[in-house]
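Everything quoted here is computed from the prediction, not taken from an experiment. Note that ligands are numbered from 1 as they come in the structure, with each ligand's atoms numbered from 1 the same way.
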Amino acid sequence: QSVAEKIDYVFKVVVIGDSAVGKTQILARFTKNDFCFDSKSTIGVEFQTRTLTINSKVIKAQIWDTAGQERYRAVTSAYYRGALGAMLVYDITKRQSFDHVARWVEELRAHADNSIVIMLIGNKADLVDLRAVPTEDAVEFAENQGLFFSETSALNGDNVESAFFKLLEGIYGQV
Ligand code: GDP
Ligand code: MG
């Protein structure tokens with residue numbers, strides 16, 4: 001029996017948010033438990049995968065990364081097609097990246113399936129002294145919009161695993 005035959009579900013998840021908020025590093029942390037200090041803006045690879053178990057079901061998470069098209073409205077609808085979940089990332093040290101979150105939600109509402117499960121992520125939580133976005137602001141936004149929320153650090157790994165699991169469990173609860 002091949003490994004492929006054991007997979008119960010494939011969940012497509014898209015990672016979105018402004019440039020340089022840490023999307024690619026969050027993905028590297030989750031799929032390879034790795035962090036790359038000199039990461040250039042993403043070129044090439046469209047998605048990474050990680051196979052895990054939820055409620056004894058084998059789930060292959062296929063996580064898509066933008067290839068530097070984070071400019072407003074440059075991400076195409078093909079990117080969102082078939083996505084069951086989204087990681088919407090901002091940088092807790094860059095107020096503008098949080099101010100743009102509402103636009104990214106609009107993008108999702110316009111291009112993705114209505115039932116898409118969204119996890120709002122405040123990344124770079126390790127940079128405590130540079131914080132520009134209070135946690136409460138994000139909690140309030142997430143509650144109003146019906147999003148999950150977590151603060152993460154791709155650098156030290158804090159909450160990355162739990163955020164992905166929460167998102168994937170949310171998707172699993174809908175299939
Ligand atoms: P992307 O454009 O959203 O994919 O962002 P990258 O993943 O390429 O990260 C942009 C920059 O932020 C890089 O210099 C990373 O090393 C840095 N970075 C990413 N995540 C973190 C984090 O959690 N903490 C800190 N301190 N830096 C991070
Ligand atoms: Mg990137």
Original post:
Is ligand 1 under 4.0 Å from a heavy atom in the side chain of T24, in the backbone, in both, or in neither?
Top reply: both
**OP:** May I ask you to identify, for N123, whether its side chain, its backbone, both or neither come under 4.0 Å of ligand 1 on a heavy-atom basis?
**Re:** side chain
Subject >> ring pair (Phe, Tyr, Trp, His ring centres under 6.0 Å) involving Y79 - partner list, sequence neighbours excluded >> reply: none
Original post:
What closest approach, in Å, do A154 and F35 show between heavy atoms, and which atom pair accounts for it?
Top reply: O-CD1, 3.2 Å
Subject >> For A154, atoms of ligand 1 separated by under 4.0 Å from a heavy atom >> reply: 20 (N), 22 (C), 23 (O)
Original post:
What class does the angle between the rings of F30 and F165 fall in, given that below 30° is parallel, 30 to 60° is tilted and above 60° is perpendicular?
Top reply: perpendicular
Original post:
Does a side-chain N-to-carboxylate-O contact under 4.0 Å join R103 and D18?
Top reply: no
Subject >> Atom indices of ligand 1 within 4.0 angstrom of L127 heavy atoms, with elements >> reply: 26 (N)
Original post:
When you measure from the side chain of Q48 to the backbone N and O of L27, does any donor-acceptor pair fall under 3.5 Å?
Top reply: no
Subject >> Contact flag T24/the Mg ion (ligand 2), N/O/S atoms, threshold under 2.8 Å >> reply: yes
Original post:
Does NZ in K166 sit with more than 12 non-hydrogen atoms of other residues, nucleotides or ligands closer than 6.0 Å?
Top reply: yes
Original post:
What pairs with F11 under ring pair (Phe, Tyr, Trp, His ring centres under 6.0 Å), at least two apart in sequence or on another chain?
Top reply: Y9
Original post:
Taking both backbone and side-chain atoms of A20, is any N or O found less than 3.5 Å from an N or O belonging to ligand 1?
Top reply: yes
**OP:** Answer side chain, backbone, both or neither: which part of D65 comes under 4.0 Å from ligand 1, heavy atoms only.
**Re:** neither
Subject >> Evaluation steps, side-chain contact (heavy atoms from CB on, under 4.5 Å), between K12 and L84 >> reply: CA-CA 6 Å; K12 176 177 173 178; L84 300 176; 5.5 Å; no
Original post:
Would you say ligand 1 has an N or O under 3.5 Å from any N or O of A125?
Top reply: no
Original post:
Just which atoms of ligand 1 are under 4.0 Å from any heavy atom in D126?
Top reply: 22 (C), 23 (O), 24 (N), 25 (C), 26 (N)
Subject >> Option with minimal heavy-atom separation from atom 11 (C) of ligand 1, where the choices are K23, K124, R29 >> reply: K124
Original post:
Against heavy atoms of S153, which atoms of ligand 1 measure under 4.0 Å?
Top reply: 23 (O)
